[in-house]
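Working notes, beginning with the structure itself.
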Amino acid sequence: MPNYVIDAPETVALPVDGTDALFPVRRVYCIGRNYAAHAIEMGHDPDREPPFFFQKNPDNLDPSGTFPYPPHSSDVHHEAEMYVALKSGGTNIPLENALECVYGYGLSFDMTRRDLQGQMKKMGRPWEIGKAFERSAPCGPVHPVSAVGHLSEGQLTMTVNGETRQEGDLNQMIWKVPEMISYLSEYFELAPGDIIQSGTPSGVGPVASGDVMVMTVDGLGSLTVTVA
């Protein structure tokens, strides 16, 4: 056994749907403004520019079904997304081989302290304080490709307290799953256990304590998260 000087952190892992197995998480990549309508609502041109990514931390992923409202913010927004879980990786992965890296797909939220993110944008600073805070990625289990196939289309709907906030389709993603994997691998060495959050449709907005968020994607079921 390694002789660590402190207790080693626990491995972050997500449940695999329909089994008692776990998917260990290595890194979490998030693509920004990957739906044209969301780019517009955030004040940006939706033309197909090179994609950009930011990161959350593995332990930001939280399958508990509860999202604790974070401190130092009065404007926390929901962003409903599909995530991609990788079983293999590498560098400079050819586009035609990219889907071979995918183990499965799941549902997640990219919760955002919008006020703090906005402050960082104005100051030209990184976004982590607005994006990578504790439990900022409520999520559901991984659905293996062997059970659900590869998802290139499917209705995405998100409600808060029964009111529809976000609607879109996976086929509206500007950068598709194989393109995200291939592009990322040009700049990072992807590996088993990596998660890619694939962006959110328009309709993002604030939540408050007591709200119930429900996200549904065709083929992946639903995810219910309560704001604590």
Side-chain angles (χ1 to χ4, degrees), residues 12 14 16-17 23-42 44-58 60-61 79-110 126-127 131-132 137 139-156 166-202 204 215 217-221:
V12 175
L14 299 179
V16 176
D17 187 63
F23 180 90
V25 179
R26 173 179 175 264
R27 293 180 182 171
V28 181
Y29 299 95
C30 307
I31 189 170
R33 300 194 292 266
N34 199 28
Y35 287 75
H38 176 56
I40 292 171
E41 76 176 349
M42 299 303 292
H44 297 275
D45 191 328
D47 286 346
R48 188 177 159 99
E49 301 174 341
F52 74 93
F53 293 84
F54 57 92
Q55 288 184 274
K56 286 181 181 280
N57 302 306
N60 294 158
L61 295 167
E79 297 190 10
E81 312 196 0
M82 179 185 77
Y83 70 77
V84 184
L86 303 188
K87 64 180 180 181
S88 62
T91 58
N92 298 311
I93 298 168
L95 185 64
E96 61 270 20
N97 297 339
L99 287 181
E100 298 173 8
C101 300
V102 179
Y103 173 79
Y105 301 88
L107 307 182
S108 63
F109 286 97
D110 169 20
W127 295 0
K131 286 286 191 178
C139 61
V142 182
H143 298 261
V145 169
S146 58
V148 299
H150 288 292
L151 300 175
S152 59
E153 60 182 9
Q155 181 74 17
L156 186 158
Q166 294 187 260
E167 287 186 287
D169 195 288
L170 300 180
N171 64 18
Q172 297 169 343
M173 289 192 293
I174 298 170
W175 294 90
K176 312 304 184 186
V177 172
E179 294 173 313
M180 286 187 277
I181 293 170
S182 182
Y183 185 90
L184 268 173
S185 73
E186 295 179 16
Y187 296 90
F188 300 91
E189 183 173 359
L190 300 180
D194 287 348
I195 295 284
I196 303 173
Q197 292 192 247
S198 62
T200 193
S202 61
V204 301
M215 173 188 176
V217 171
D218 290 345
L220 295 177

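In terms of heavy atoms, C101 sits closest to S88 at CA-OG, 3.2 Å. Nearest heavy atom pair, residue G219 against residue V148, reads O-CG1, 3.5 Å. Across V16 and P141, no two heavy atoms sit closer than the pair C-CB, 4.5 Å. Scanning all heavy atoms of the two residues, the minimum distance from E81 to D110 falls at OE2-CB, 3.4 Å. The minimum heavy-atom distance between P94 and S182, with the atom names listed, is C-OG, 4.2 Å. Shown here for Y103 and K87, the closest heavy-atom pair between the two residues is CB-CB, 3.6 Å.
For the atom pair CG of D169 and CD of Q155, the computed distance is 6.0 Å after rounding to the nearest 0.5 Å. For the atom pair N34 CG and I196 CD1, the distance stands at 11.0 Å (nearest 0.5 Å). Rounding to the nearest 0.5 Å gives a distance of 9.0 Å between CG of L184 and CD1 of I93. Of the inter-residue distances, the one linking L86 atom CG with I195 atom CD1 reads 7.5 Å to the nearest 0.5 angstrom. Atoms CG and CG, from L107 and L156 in turn, are 7.5 Å apart once rounded to the nearest 0.5 Å. Taken to the nearest 0.5 Å, the CG atom of L190 stands 10.0 Å off from the CG atom of N92.
Between the side chain of S198 and the backbone N or O of M82, at least one donor-acceptor pair lies under 3.5 Å. Under the 3.5 Å distance criterion, the side-chain polar atoms of Q172 are left unmatched by any main-chain donor or acceptor of Y35. Side-chain atoms of K56 never come within 3.5 Å of backbone atoms of L61 as a donor-acceptor pair (strictly under, hydrogens ignored).
For residues 92-105, there are no salt bridge (Lys or Arg N to Asp or Glu O under 4.0 Å) pairs, not counting sequence neighbours. Every pair passing salt bridge (Lys or Arg N to Asp or Glu O under 4.0 Å) that includes a residue from residues 183-200 is listed here, sequence neighbours excluded: R26-D194.
With respect to C30, the side chain to side chain contact (heavy atoms under 4.5 Å, CB included) criterion is satisfied by exactly one of F53, F52, F54: F54.
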Check the pair L99, V177 against side chain to side chain contact (heavy atoms under 4.5 Å, CB included), reporting the backbone distance first and the verdict last. CA-CA 8 Å; L99 287 181; V177 172; 4.0 Å; yes

Side chain to side chain contact (heavy atoms under 4.5 Å, CB included) assessment of V142 paired with Y83: CA-CA 9 Å; V142 182; Y83 70 77; 3.3 Å; yes

Determine, stepwise, if the pair E79 / Q197 fulfils side chain to side chain contact (heavy atoms under 4.5 Å, CB included). CA-CA 10 Å; E79 297 190 10; Q197 292 192 247; over 6 Å; no

Under the criterion side chain to side chain contact (heavy atoms under 4.5 Å, CB included), I'd like the reasoning laid out for M180 against Y29: C-alpha separation, chi angles, the key distance, then a yes or no. CA-CA 10 Å; M180 286 187 277; Y29 299 95; over 6 Å; no

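Residues V217 and Y105 fail the side-chain proximity criterion, which asks for heavy atoms closer than 4.5 Å.
Relative ring orientation between Y183 and W175 is described as tilted, the plane-to-plane angle lying within the 30° to 60° band.
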